Protein chains: 2
Amino acid sequence: MQYESDRLVEKATDLFWQRGFNATGMRDIQARLDLRPGSVYARFRSKDALFERVLGDYVKHMQATLRSVADAENPLAALRAFFVDSITTSSAHRYKRQCLLVKSLAEIDTLPAASRQTIEQGMQKLQAGFCSVVDALSAQDRLSYPVRRDLLAKWLQNQFVGLRTFASTHDDLVDTTIMIDKVLLDLQSPWPDTSSTEQHTNQLGDK
Amino acid sequence: MQYESDRLVEKATDLFWQRGFNATGMRDIQARLDLRPGSVYARFRSKDALFERVLGDYVKHMQATLRSVADAENPLAALRAFFVDSITTSSAHRYKRQCLLVKSLAEIDTLPAASRQTIEQGMQKLQAGFCSVVDALSAQDRLSYPVRRDLLAKWLQNQFVGLRTFASTHDDLVDTTIMIDKVLLDLQSPWPDTSSTEQHTNQLGDK
DNA sequence: ATTGATCTTGAACGAGCGTTCAAGCGTTCA
DNA sequence: TGAACGCTTGAACGCTCGTTCAAGATCAAT
């Protein structure tokens, strides 16, 4: 029964992932889950609650994956594999290349309050996940340049999100892979000088 | 009259930018433009056509801005100013930090065919804009590392998009600025070795 | 065979959607 | 003065939305 519910949530996830919350109708969901209206409401209470369940499960899954990356023998290689996996899924499910949380972010102003909170907290949880990956890399001296761990985690999450957005519109696997490896290079390259609190020029000179 | 129409399109842009296409109702639009239903339809034909107009004007504006960056005396400084401008708009209009095209990308599967095409072509036009910026930098020998100009343009556009997405959820101006400067550094840092067509390991070693 | 508990069904509800259009309006020109 | 014009109005249309609920189906226990 629990297993059956999980299968149903997966199918609902697919729909929301492809079409977003607002554009996905309960009738779409009813058709995909092969359930009549009453049954959907008996199981999931409402469209809002179902969406929350979908988001929650997605975050849990991503957290688990990030944890396994951090715990891997070679975290850098595991990180690369994680990127490649997430970003180069088959063209048939290209919409899955975009992070579900980021996709939902696009309509956050129109979502029920509970989902809004789930998304914001989910982003923070994933940031914490990236932070543990950064720590794992740091513990193995894989990072040559010293920089605040939380800043590096933010940056890494941002690169991850950016690449996924990019890949959701481009099918060029070669260029995408190059850009993944560029991220892994820049992960270890220098950061801007932050010794002065306000710097509005860069090292190549203004005017 | 043309001026009046432009003002109306600006107001509609604000709405679509904040709430997206699907969640923005014609009644929202009518209220914001202070027009009755018939007047809106007399001017803009349909919700779809109005949205297309909004997207088209947005792309034109971004193209003009990118061109002025490329033509600037110091393109690198202009690029930085462009990033800072786009990404650190006031908290009151935080939704404008996200690129309108990227936001629309999130619901592209549910949009009218014409808008879908406008978005895809718009992304390409902006990529071309970034390409001319890259060329301007290259012409002034601001880029130390040799790499395909179109790949660098894709990368730059991706960084721009990523930072805007990031900033739409974070209000930390300091960290955001650091990440902008990190992009400007990485713009000149080395790229992965692409001499072998297929490389599934990185320079720090697999397994 | 009968009861009671649990799950399923699908017609139907009110609300909101994008859109239309006959009627009303002020202005122009004969 | 009055006919003709373009612009504005807002009630209303057909449709789809999320959701409900009385009635039916299923099945274990008596």
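Note that the structure is predicted; figures quoted are calculated from it, not measured. Each chain gets a letter, A, B and so on, in the order its sequence line appears, and its residues count up from 1.
- Proximity of a side-chain donor or acceptor of A/S189 to a complementary backbone N or O of A/D186 within less than 3.5 Å is detected.
- Look at CD1 on B/I29: it is 7 Å from P on C/dG18, rounded to the nearest Å.
- At the heavy-atom level, A/G38 lies under 4.0 Å from base atoms of the strands shown.
- If you measure from atom CD of A/Q30 to atom C1' of D/dC17, you get 11 Å, rounded to the nearest angstrom.
- Atom OH of A/Y41 and atom P of C/dT9 are 16 Å apart (whole Å).
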### Query
Which dot-bracket string describes DNA chain C (Watson-Crick N1-N3 plus N6-O4 or O6-N4, or G-U N1-O2 and O6-N3, all under 3.5 Å; [ ] crossing; | other strand)?
||||||||||||||||||||||||||||||
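- Formation of a donor-acceptor pair under 3.5 Å by the B/K96 side chain with backbone atoms of B/S168 is not found in this model.
- Pairing each heavy atom of A/H170 with each of B/K154, the nearest pair is CD2-CE, 4.1 Å.
- A/M26 places its CE atom 14 Å from the C1' atom of C/dG10, with the value rounded to the nearest Å.
- Regarding A/D34, its CG atom lies at a distance of 11 Å from the P atom of C/dG10, rounded to whole Å.
- An OP1 or OP2 oxygen of C/dG18 is reached within less than 4.0 angstrom by no side-chain nitrogen or oxygen of B/S46.
- Within 3.5 Å, no donor on the side chain of B/R27 pairs with an acceptor on the base of C/dG16, nor the reverse.
- Distance B/L111 CG to C/dG18 C1': 16 Å, rounded to the nearest Å.
- Counting to the nearest Å, the P atom of C/dT19 and the NZ atom of B/K47 are 8 Å from each other.
- Sequence order on DNA chain D of the closest nucleotides to A/S39 and A/N22 puts A/N22 first from the 5' end.
- Judged by distance alone, the side chains of B/T110 and B/N22 do bring a donor and an acceptor atom under 3.5 Å apart.
- Judged by distance alone, with hydrogens and angles left aside, the side-chain atoms of A/D28 form a donor-acceptor pair with the main-chain N or O of A/G25 at under 3.5 Å.
- At distances below 3.5 Å, not a single donor-acceptor pair connects side-chain atoms of B/D181 with backbone N or O atoms of B/I178.
- Remark: A/K47 is positioned above the aromatic ring of A/F21, its terminal NZ or CZ atom under 6.0 angstrom from the ring centre and at most 45 degrees off the axis.
- What separates CG of B/L33 from P of C/dG18 is a distance of 13 Å, to the nearest Å.
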